[in-house]
Amino acid sequence: MPLSWNEIKSRALAFVKEWENESSEDAEAKSFWDDFFNVFGISRRRVATFETAVRKADQKQGFIDLLWKGVVLVEHKSKGKDLDRAFQQAKDYFPGLKEHELPKYILVSDFDRFRLYDLDASTSVEITLSDLPNQVHLFGFIAGYEKRTYKEEDPVNIKAAELMGKLHDRLEEVGYTGHALEVYLVRLLFCLFADDTGIFEKGTFWEYLDLKTKPDGSDLAAHLSLIFHTLNTPRETRLKNLDEHLAAFPYVNGRLFEENLPPAAFDSKMREMLIEACGLDWGKISPAIFGSMFQAVMNPKERRNLGAHYTSEKNIQKVIRPLFLDDLYSEFEKAKGSRARLNELHQKIARLHFLDPACGCGNFLIISYRELRELEILILRELNKTGQGFLNVRDIIQVDVDQFAGIEYDEFPARIAEVAMWLIDHQMNMKVSEEFGQYFVRLPLSKAARIVHGNALRLDWGEIFSKIEISYIFGNPPFIGYQWQTESQKQDLISIFKDHKGAASLDYVACWYALTSKYMVGKTTRCAFVSTNSITQGEQVQILWSYLFKFYDVKINFAHRTFKWTNEAKGNAAVHCVIIGFSNIDISNKIIFEYANVNSEPSAVFVNNINPYLIEGKNILLEPLRYPICHVPKMTLGSMPKDGGNLLLSQKEKDELILNEPEAEKWIRPFLMGEEFLNNIPRWCLWLLGIKPHELKNLPNVMRRVEGVRKMRLASVAESTRKAASTPTLFKQLNQPNSNYLAIPRVSSERRLYIPIGYLDASVIAGDKIYTVPNTSLYHFGVLTSLMHNSWMRVTCGRLKSDYQYSNSIVYNNFPWPLNPNVAQKQKVEEAAQTVLDTRAKYPGSSLADLYDPVTMPPDLVRAHAVLDKAVDLCYRPQPFASELARVEFLFGLYEQLSAPMFGGEKKSTYKK
């Protein structure tokens, strides 16, 4: 175990006293470096070798003065020699070293001066021999102390995961699979971390494998079994004549090495993989990052994009800071200067309990535990301001891993999470050691995070955690829209929501909201989950939140509105997410974290209440309606072909059909789905409404297509589609307006400020990816294409991936139109609306997609919309709206006037248009 800093400094003083008056003959070099390593409690003979032969850059044979593989290369010279030249000489040896043997430090010395190069940080520092006692921290890496920085995209994370992935594949190829393989790899993961972070004496595992196992790997499995057995055996019960290299391993306990596994089998290549993994700097790898990467390597497809498989710390902080961390730090600031209050806070954080009920590899637990330990160190630092120190640091550390729990469906990530919690605990123990000058390690492991392997949705959380009350629940449960759910997942939904209306259409994440709310009843527990924004938009809002309000009286305490949940990894798909903090407790300072756009940084807004749409206002829920709440024209979905493509024609198919059957031309009509409407793509359909039987029989090519429709529909599993096989000449659903109409695409890009809408002739058949509104005026067009309506749409519509998914029943039918605008106000809107249409007409070669792309939108169209927006705003109120959020809050207030409140009351007003 590493020596305390005080002991190291004492040894350094003795070392200086012994060597400061000695000469520097080569005969004394080995003794000098043996004594130097001993200052840090390390036996040089065990970790480093003198005169290592290598092939230099110039292909000549060279000899490294002293090499500790993967850690430090030492080049020493006689007193007064050029240290720059010594450094260059050291670098010349690099081509002759394997990658895992390359050092992280170069140390050059003339016995009177030490110059240390940190190759990772690209820094160097020089001290004299007499300075050593006051500068020993510079060489802390020798003793096992080292300041670590964790980078989410650090190549060492990727390299480590890739190596373990290759080893996993090879073990699987030779037949070592399933549970045994997963546990085996987790044990190796622990040993690799332990070897580099002071749990083991530095380099113990690597040295054992390097010296004790055969190059062909034939005995590697047997030696690993011996190591695992030793790690599970208390020192007092080990064999008295145990090999000294095995005896160097500590007793770990923690049940990690308890299970007897079947023996594995290795070859030379697999041994080299493991040796290479030993050479990486595992101390630089964050358990929070590596756990998810390590899980990803088990899937060769996911391995191509390893960086995508962890939740970035920045995003985790968005959850835990407003949930509990900010409050604890606020208490800490208030407690400064008061020992009683500091001690009280220290005891409080040691009593907190945390649960991630979909913990995966434990990312949220790991980061939260680290943050709690960081706060504990700050508290202890305040209590130790006098500098007297603590008699035994072990007695004052109260925060421990058993305060943290998780539930995970898959066994492998569950085991990784358990081990990762031990690893982050050790890293924080090393930080305590550095802070207070006493070596602190928790070995053998006596406590562990409680990671339950099972389906969280079928377990009784109250029974599992009956002996404690969970203080905070958090995490990133699986999203999974209803159309992607397995049968088992659909059954999970049913078992939780039972006969609650519409529950079958909820995202899978809704299950965690329901079970958490159930657990929190009668408790002070608070929760925050990352979720897709679909549970705060569209039809799911009313389904989920009416359930949570009715049965559990849930309150939203804070929320991050929609932002892009992503990492920096190449090819990583972004997901549009929200974070919702909720509980049974109604707090006064509720916070909405607002984003100017999905990629921006949030700004905090304090509010009185947060509704399920994540805006300030009463808990109003929009129900799907058949008709608008205001007296405006009805919006209808276009006609659904359900024809297997037989009634639809491309431009080429249309031309060929007319060439072969000219009489068919009168039955061909323009046809538009959303994509064609937005992008001016010509498409056609056979609109056979009213065709006589003899006319159809005279068109054999059309007849063949109609027969194709009939066969396709008969083969369908849907009864309604099979029934429609009796009318194969017609679209399955006919909703075509008889007059000109406004067309609104069902799906539109999230990049657009306005959903492009426009007028279409009655002869143009609208498909079921377009909504139609006949009998409209310019006033209707103006309001629907205004920022007011688009702001409402962005909050209330559903999403398809990240694109807006418009809905007539939710968005349009619940939209509060201006309340009794006067004639002049309506005229202003109509004039501005006509200007928008006229401006579009200036660009006949541009599609609506071109015109409303934020990059290519013409400046005069931007200005025309700004004038229209102002005219529509004035129909609502004379005061301008400061932001889009202000518009939406106003519209929800108006909606409340126009509709019956969700929890009782009468409809207050309605009006005619």
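Hydrogens, waters and symmetry mates are skipped; everything else that's a heavy atom, side chains included, is used.
- There is no side-chain donor-acceptor pair under 3.5 Å between Ser488 and Thr486.
- Ring centers of Trp484 and Tyr508: at least 6.0 Å apart, outside the cut-off.
- Here Glu750 pairs with nothing under the salt bridge (charged side-chain N to carboxylate O under 4.0 Å, His left out) rule; sequence neighbours left out.
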Kindly indicate, with the supporting measurements, whether the criterion side chain to side chain donor-acceptor pair (under 3.5 Å) is fulfilled by Asn609 and Asn619. CA-CA 8 Å; Asn609 191 66; Asn619 290 330; 3.2 Å; yes

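- In this structure, Arg877 is positioned above the aromatic face of Phe881, its NZ or CZ under 6.0 Å from the six-membered ring centre and within 45° of the axis.
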Going through the distances and angles, do Phe474 and Phe529 end up as a ring pair (Phe, Tyr, Trp, His ring centres under 6.0 Å)? CA-CA 5 Å; Phe474 49 58; Phe529 285 139; 8.8 Å; no

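- Ring orientation note: the planes of Tyr806 and His789 are tilted relative to one another, at an angle of 30° to 60°.
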Does Phe781 form a ring pair (Phe, Tyr, Trp, His ring centres under 6.0 Å) with Tyr759? I'd like the steps, not just the answer. CA-CA 9 Å; Phe781 168 79; Tyr759 285 103; 5.7 Å; yes

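- For the pair Lys318 and Phe563, the cation sits on the ring face: its NZ or CZ lies under 6.0 Å from the ring centre, inside 45° of the axis.
- Using a 4.5 Å cut-off on side-chain heavy atoms (C-beta onward), Cys359 and Ile407 make no contact.
- Residue pairs that meet the side-chain hydrogen bond (donor to acceptor under 3.5 Å, both in side chains) test with at least one member in residues 527-538, sequence neighbours left out, are Asp507-Thr532, Asp507-Ser534, Tyr513-Ser531, Thr532-Ser534, Asn533-Thr562, Gln537-Arg799.
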Candidate pair Asn808 and Thr636, rule side-chain contact (heavy atoms from CB on, under 4.5 Å), full reasoning: CA-CA 7 Å; Asn808 60 342; Thr636 307; 5.6 Å; no

Would you please test Cys527 and Phe582 for side-chain contact (heavy atoms from CB on, under 4.5 Å) and show each step? CA-CA 5 Å; Cys527 174; Phe582 61 102; 3.6 Å; yes

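- For the pair Lys334 and Phe332, the NZ or CZ position fails the cation-pi test of under 6.0 Å to the six-membered ring centre and within 45 degrees of the ring normal.
- Using a 4.5 Å cut-off on side-chain heavy atoms (C-beta onward), His353 and Glu469 make no contact.
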Passes salt bridge (Lys or Arg N to Asp or Glu O under 4.0 Å), Asp586 versus Lys555? Steps please. CA-CA 6 Å; Asp586 194 9; Lys555 312 288 193 302; 5.6 Å; no

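- Side-chain rings of Tyr519 and Phe465 stay apart, their centers remaining 6.0 Å or farther from each other.
- Ion pair Arg887/Asp873 flagged as a salt bridge, since at least one NZ, NE, NH1 or NH2 atom sits closer than 4.0 Å to an Asp/Glu carboxylate oxygen.
- Ion pairing of Glu675 with Lys769 is absent here, as no side-chain N (NZ or NE/NH1/NH2) approaches a carboxylate O to less than 4.0 Å.
- In the model, Gln491 has a side-chain atom that pairs as donor or acceptor with a side-chain atom of Glu487 under 3.5 Å.
- For the pair Leu885 and Ile615, the minimum side-chain heavy-atom distance is below 4.5 Å.
- The aromatic rings of Phe815 and Trp817 stand perpendicular to each other, their planes meeting at an angle above 60°, with 30° marking the opposite boundary.
- Here the side chains of Asn814 and Glu623 are not in contact, with every heavy-atom distance at 4.5 Å or above.
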Go through Glu331 and Lys348 one step at a time and tell me if the salt bridge (Lys or Arg N to Asp or Glu O under 4.0 Å) criterion holds. CA-CA 11 Å; Glu331 286 187 52; Lys348 175 182 176 176; 2.5 Å; yes

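- Between Tyr812 and Tyr771, the ring centre distance reaches or exceeds 6.0 Å.
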Derivation of the side chain to side chain donor-acceptor pair (under 3.5 Å) call for Asn813 and Tyr627: CA-CA 6 Å; Asn813 290 345; Tyr627 299 98; over 6 Å; no

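- Counting heavy atoms from C-beta on, the side chains of Val607 and Ile591 never come closer than 4.5 Å.
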Please output the side-chain donor-acceptor pairs of residues 863-871 that fall under 3.5 Å, not counting sequence neighbours, one pair per line with the distance.
unit_1: His865; atom_1: NE2; unit_2: Tyr852; atom_2: OH; d: 2.7
unit_1: Asp869; atom_1: OD1; unit_2: Leu787; atom_2: N; d: 2.9
unit_1: Asp869; atom_1: OD2; unit_2: Tyr754; atom_2: OH; d: 2.5

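- Looking at Lys590, its side chain never comes within 3.5 Å of a backbone N or O of Asn557 through a donor-acceptor pair.
- Here the closest heavy-atom approach between residue Pro477 and residue Val509 is recorded as CB-CG2, 3.8 Å.
- At a threshold of 4.5 Å between non-hydrogen side-chain atoms, the residues Leu506 and Leu493 count as touching.
- Between Asp492 and Lys490, none of the side-chain N atoms (NZ, or NE/NH1/NH2) sits under 4.0 Å from a carboxylate O, so this pair counts as no salt bridge.
- Ring geometry for His560 versus Phe558: interplanar angle over 60°, hence perpendicular rather than tilted (30 to 60°).
- The aromatic rings of Phe404 and Phe354 lie parallel to each other, with less than 30° between the two planes, well short of the 60° mark.
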